[in-house]
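Residues take their numbers from the sequence shown, with the count starting at 1.
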Amino acid sequence: MKKSLKILTVALSAATIVLSFPACGHDHVWSDWQRNADEHWRTCTVEGCNVEERDYHTEGRCEDCAYGFKVLSFGFDEGGDTAHSDFAKEANVWFPQQGELLGFTYDFVGTDFSYLNDETLAEYDLVMFLNSRPFNYDQQAAFERYMENGGAWMGFHSCAFSMDGNNEYWTWYQSDFLGCGQYARNTWNPTSEPLTVETHYHCSTENIEVDVFTSAPCEWYGWELDLFADEDISVLLTLNPTNENPAGDQPDPNKQYEIWYNGTHPVAWTNNNYNMVYMNWGHNLQSYNNGAEGKQSSTFSSEIQNQFMLDAMYGLVLGER
């Protein structure tokens, strides 16, 4: 029997006017695609040039602009770490809302990683791990095949949390795919921090017009392996704490090591061998005292961070690393 999904399907509609322009004497520098339910279009950004390129979507996922792509999302929105489950609850509202605006479908299946099989994965353009990952060998192998064959993936925060020496360590995923190895350290409490854009030459960062922007609050992780030393890894965003602006605000005098005062810490990166982006955010600031203080922050409170995610999604689906 076919499993029941929590499916949110989206569509857009708008009237369009198709325009044509004479040829120009320069090479066009195109803007990103804009989309409605029927068409996509882009405009030359060269000063004084108003040429527009416009076409109808191809059937299914549009081959040109990715309109209509499908996301299969995993994670827990109940139980576990309350900040992690709260992030998933937020994601399961925010991503469908963006899908309604931009034209993609977001299907959340919780922690039922049995959906990681060749048949189901063939129906999706992007896989998302919100705060967990598969532990079953057959499911892990299916995910590896999906990525090796050109599938697209986005992962957040604790989907990369693992420590060697236990039965849950997935060597290919931690070392070869993510490139970070095991979890090594963290900041505490979750704090909003300035993040440095390490490159503007990636689909996720090419539209970010600043070199530093303010993140949403998060508990930031550090890793076993040096991502900068891995020639297959391109670090996209970093956290760079200083004595004047440390990361974390741990009040416990016995845990001051959870405040970072130096270093260059990767918080978002891609493995150049795959269509993937990992982002360290996904841990909201909230009370752990039985929830008495309630929720205090949102992972989706940073406009530039949100744009990073959306641009990454379309770029990965289109294979624009």
Side-chain angles (χ1 to χ4, degrees), residues 69 71-77 80-81 83-85 87-88 90-92 94-95 106-111 113 115-116 121 124-135 139-140 142-148 150-163 168-183 186 195 202-205 215-216 218-225 227 230 232-237 265-284 299-300 305-306 308-317 321:
F69 73 84
V71 179
L72 180 62
S73 178
F74 295 89
F76 57 88
D77 55 2
D81 187 301
H84 298 173
S85 58
F87 162 63
E90 279 196 320
N92 291 337
W94 190 82
F95 282 111
Y106 177 89
D107 296 349
F108 177 70
V109 295
T111 55
F113 286 99
Y115 286 103
L116 283 181
L121 290 172
Y124 287 90
D125 305 293
L126 176 70
V127 170
M128 192 177 289
F129 291 174
L130 298 179
N131 49 29
S132 188
R133 62 198 183 284
F135 300 103
Q139 296 160 8
Q140 292 174 347
F143 178 71
E144 290 184 33
R145 289 192 297 272
Y146 175 75
M147 295 309 304
E148 294 286 355
W153 176 85
M154 287 175 58
F156 298 89
H157 196 57
S158 57
C159 81
F161 182 97
S162 188
M163 301 181 71
E168 297 181 351
Y169 196 80
W170 181 6
T171 301
W172 173 85
Y173 179 76
Q174 296 293 148
S175 298
D176 298 335
F177 181 64
L178 289 173
C180 60
Q182 65 180 330
Y183 157 88
N186 66 282
L195 300 184
H202 186 264
C203 61
S204 62
T205 58
S215 76
C218 186
E219 170 202 21
W220 304 101
Y221 288 163
W223 308 99
E224 170 194 19
L225 301 179
L227 288 155
D230 190 333
D232 293 328
I233 299 296
S234 292
V235 176
L236 305 173
L237 304 174
H265 305 272
V267 297
W269 64 85
T270 184
N271 185 323
N272 299 315
N273 296 320
Y274 301 97
N275 290 323
M276 63 83 78
V277 171
Y278 169 77
M279 294 147 286
N280 194 196
W281 53 79
H283 185 118
N284 291 335
T299 298
F300 299 94
Q305 189 171 290
N306 293 346
F308 177 98
M309 288 184 280
L310 292 172
D311 286 346
M313 292 175 74
Y314 275 96
L316 292 172
V317 170
R321 304 184 207 174

Exercise. What heavy-atom pair brings A142 and L121 nearest, and what distance separates the two atoms?
Worked result: O-CD1, 3.7 Å

Problem set entry | Note, F129 side chain near P134 side chain (heavy atom, < 4.5 Å) | yes

Problem set entry | Non-neighbouring partners of F76 that pass ring-ring contact (aromatic ring centres under 6.0 Å, His included), sequence neighbours left out | none

Side-chain donor-acceptor pairs under 3.5 Å in residues 174-181, sequence neighbours left out?
unit_1, atom_1, unit_2, atom_2, d
Q174, NE2, A160, O, 3.3
Q174, NE2, G181, O, 2.8

Exercise. Atom CG of L116 and atom CZ of F74: how far apart are they, to the nearest 0.5 Å?
Worked result: 4.0 Å

For this session: Would you please say whether a donor-acceptor pair under 3.5 Å links the side chains of D311 and S204?
Result: no

Problem set entry | Nearest heavy-atom neighbours spanning A216 and Q305 | N-OE1, 3.3 Å

Exercise. Of all heavy-atom pairs between W220 and V267, which one has the smallest distance, and what is that distance?
Worked result: CE3-CG1, 3.7 Å

Seminar exercise, completed: When rounded to the nearest 0.5 Å, the distance separating CH2 of W153 from OH of Y274 is 12.0 Å

Exercise. Given side chains that start at C-beta, do those of W94 and Y106 come closer than 4.5 Å, heavy atoms only?
Worked result: no

For this session: State the CG-CH2 distance between L237 and W281, to the nearest 0.5 angstrom.
Result: 5.0 Å

Exercise. Are side-chain heavy atoms of W223 and P266 found at a separation under 4.5 Å?
Worked result: no

Problem set entry | Derivation of the side-chain contact (heavy atoms from CB on, under 4.5 Å) call for C159 and Y173 | CA-CA 10 Å; C159 81; Y173 179 76; 3.5 Å; yes

For this session: Scan side-chain atoms only and decide if Y124 and D107 contain a donor-acceptor pair under the 3.5 Å cut-off.
Result: yes

For this session: Say whether, by atom type as modelled, one donor and one acceptor occur between the side chain of Q140 and the main chain of W170 under 3.5 angstrom.
Result: no

Exercise. Of all residues at least two apart in sequence or in a different chain, which pass the ring-ring contact (aromatic ring centres under 6.0 Å, His included) check with H157?
Worked result: H84, Y221, H283

Exercise. If you look at every heavy atom in F108 and G75, which pair is closest and at what distance?
Worked result: CZ-O, 3.2 Å

Seminar exercise, completed: Rounding to 0.5 Å, atoms OG (S73) and CZ (F95) come to a distance of 7.5 Å

For this session: Compare every heavy atom of V277 with every heavy atom of A312, then report the nearest pair and how far apart it is.
Result: CB-CG2, 4.4 Å

Exercise. Does a donor on one side chain sit under 3.5 Å from an acceptor on the other, for Y278 and N271?
Worked result: no

Problem set entry | Separation of M309 CE from F300 CZ (nearest 0.5 Å) | 5.0 Å

Problem set entry | Interatomic spacing from CG in D232 to CG in N273 - rounded to 0.5 Å | 4.0 Å

Exercise. Short question: side chain of S234, backbone of T270 - any donor-acceptor pair under 3.5 Å?
Worked result: no

For this session: Grab the two heavy atoms, one from L316 and one from M154, that are nearest each other, plus how far apart they are.
Result: CD1-CG, 3.6 Å

